[in-house]
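Chain identifiers are assigned alphabetically (A, B, ...) following the order of the sequence lines, protein sequences preceding nucleic acid strands; residue numbering begins at 1 within each chain. Small disclaimer: the values here were computed from a predicted structure and weren't measured.
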There are 2 protein chains.
Amino acid sequence: MPRAATSSDVFNAVAEPQRRAILDFLATDERPVGDLVKALGLSQPSVSKHLRVLRQLDLVRARRDGRRVLYRTNAGAIRPLHEWAGTFERFWSQQLRRIKERAESTHRESRR
Amino acid sequence: MPRAATSSDVFNAVAEPQRRAILDFLATDERPVGDLVKALGLSQPSVSKHLRVLRQLDLVRARRDGRRVLYRTNAGAIRPLHEWAGTFERFWSQQLRRIKERAESTHRESRR
DNA sequence: GAATCATATGCCAATACGGGAATATGTCAA
DNA sequence: TTGACATATTCCCGTATTGGCATATGATTC
C-alpha cells in the first residue's frame with residue numbers, strides 16, 4: 001500500500017510546504033491565482049494543482065470574478081489538525097514544568 | 001520532484017494515520033514494541049518502521065529494557081504543528097461569530 | 001468570430017512510499 | 001554455546017506523488 005493520497009485528509013494535504021504557504025497567503029484575503037504565482041515563485045500549473053487538492057478538502061474556497069478566480073482559506077477546515085495536536089498539550093506543559101523544577105533545585109544546590 | 005520524505009518534518013510524519021495512532025498510544029506511558037503490535041494490529045516490522053520515522057524526528061524516544069525496547073511520545077515535538085494550526089484560530093472563530101450573528105438576526109426576523 | 005488574458009488539465013519523469021516476507025541483530029536463560 | 005524471545009533491517013511491489021511543459025477551457029474585448 002502506498003502513502004495515502006494528498007487529497008485524502010487534511011493531514012496529508014498540509015504535509016506539503018507549498019500548500020501551507022498557500023493557506024498562509026490566503027488566510028486574510030481572497031486572491032486570484034496570479035497573485036499566488038507571483039508570491040510563491042511557482043509555475044501557474046503547479047499552483048492550480050495545489051489549489052485543487054486544497055479545494056477538494058474545503059481548505060480553500062473559490063469564487064469566479066470575471067476571468068479570474070478568487071481563492072480564500074477556509075480556516076475552519078484546519079481545526080481538526082489543531083485539535084489533534086492539542087490533545088498533547090498537557091503532556092508537553094507537564095514536561096516543561098519538570099524541567100523548570102529541576103532547574104530551580106539545581107539553582108538551590110549551587111547556592112549552598 | 002516526488003513527495004517530501006516522511007521523515008523530513010513533523011507534518012509529513014504525522015500525515016500517516018498509523019503513526020498518529022502510535023503517538024496517541026505512547027502519549028501517557030512508555031510501552032514496548034510488542035504492545036503496539038497488539039494494539040494496532042499491524043505486523044511487527046511495520047511498527048518498527050513507523051517507530052524509526054518517529055524517532056528520527058524526536059517524536060518518540062526509546063530506551064532499552066532487557067530484550068525489549070520501551071518507547072514513549074515526546075509531546076514537545078508536536079508543538080510546531082499545534083502552533084501553525086493555531087495561527088488560523090482567529091479566522092475560524094471570526095467565522096463562527098459571523099454565523100452566530102446571522103442566526104440571531106434571522107431569529108429576530110421570524111419573530112416579527 | 002479572433003485575439004487575448006486567466007486558469008485548469010493532461011502527460012511525463014524521477015522518486016519515495018507502506019506493507020509483506022525473510023532475515024539480521026541483540027539480549028537473556030539454561 | 002545453544003535456543004528462545006524481542007526488535008530492527010532488507011528486499012520487493014504497486015502506487016501516488018511534484019513539477020515542467022504543452023495544451024485545453026473559460027471569459028473578455030475588439
Only residue of Arg63(B), Arg55(B), Arg61(B) satisfying side chain to side chain donor-acceptor pair (under 3.5 Å) with Tyr71(B) is Arg55(B)
Same cluster or not: are [X] and [Y] linked, directly or through other Ile, Leu, Val, Met, Phe, Trp or Tyr residues, by side-chain heavy atoms under 4.5 angstrom apart?
X        : Y        : value
Val47(B) : Leu70(B) : no
Leu59(A) : Leu81(A) : yes
Val10(B) : Val53(B) : no

Return the residues of residues 42-67 of chain A meeting this criterion: a heavy atom under 4.0 Å from some atom of DNA chain D. Order them by number, or give none.
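Correct list: Ser43(A), Pro45(A), Ser46(A), Lys49(A), His50(A), Arg64(A), Gly66(A), Arg67(A).
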Practice task
Apply the test side-chain contact (heavy atoms from CB on, under 4.5 Å) to residues Thr6(A) and Glu16(A): give CA-CA distance (whole Å), side-chain angles for both, the deciding distance (0.1 Å), then the verdict.
Solution key: CA-CA 9 Å; Thr6(A) 54; Glu16(A) 167 62 44; over 6 Å; no
Applying side-chain hydrogen bond (donor to acceptor under 3.5 Å, both in side chains) to Thr87(B) and Glu83(B), what does each step give before you reach the verdict? CA-CA 6 Å; Thr87(B) 61; Glu83(B) 269 156 25; over 6 Å; no
key: Residues, nucleotides or ligands: over 12 heavy atoms within 6.0 Å of Arg52(A) CZ   = no
Students should find that the nucleotides of DNA chain C closing off the region near chain B, any atom under 4.0 angstrom from a heavy atom, are dT15(C) to dA29(C)
With the criterion being N/O to N/O and under 3.5 Å, what pairs connect the protein with nucleotides 12-15 of chain D, and how long is each?
none

For the residue pair Trp84(A) and Phe88(A), does the interplanar ring angle fall in the parallel (under 30°), tilted (30 to 60°) or perpendicular (over 60°) class?
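Answer is perpendicular, since the angle exceeds 60°.
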DNA chain C nearest-nucleotide lookup for Gln18(B) and Asp35(A): closer to the 5′ end is Asp35(A)
Could you go step by step and tell me if Phe91(B) and Thr28(A) meet the side-chain contact (heavy atoms from CB on, under 4.5 Å) rule? CA-CA 8 Å; Phe91(B) 298 112; Thr28(A) 53; 3.7 Å; yes
Rounded off to whole Å, could you give me the CZ-to-C1' distance for the Arg68(A) and dT29(D) pair?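 My rounded result for the distance is 16 Å.
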> Does the side chain of Leu51(B) come within less than 4.5 Å of Leu26(B)'s, by heavy atoms?
Replying inline: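 Heavy-atom side-chain distance check passes, below 4.5 Å.
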| task | Compare side-chain N and O positions of Tyr71(B) against OP1 and OP2 of dA8(D) and report whether any pair is under 4.0 Å apart. | result |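 Affirmative; the distance criterion is met.
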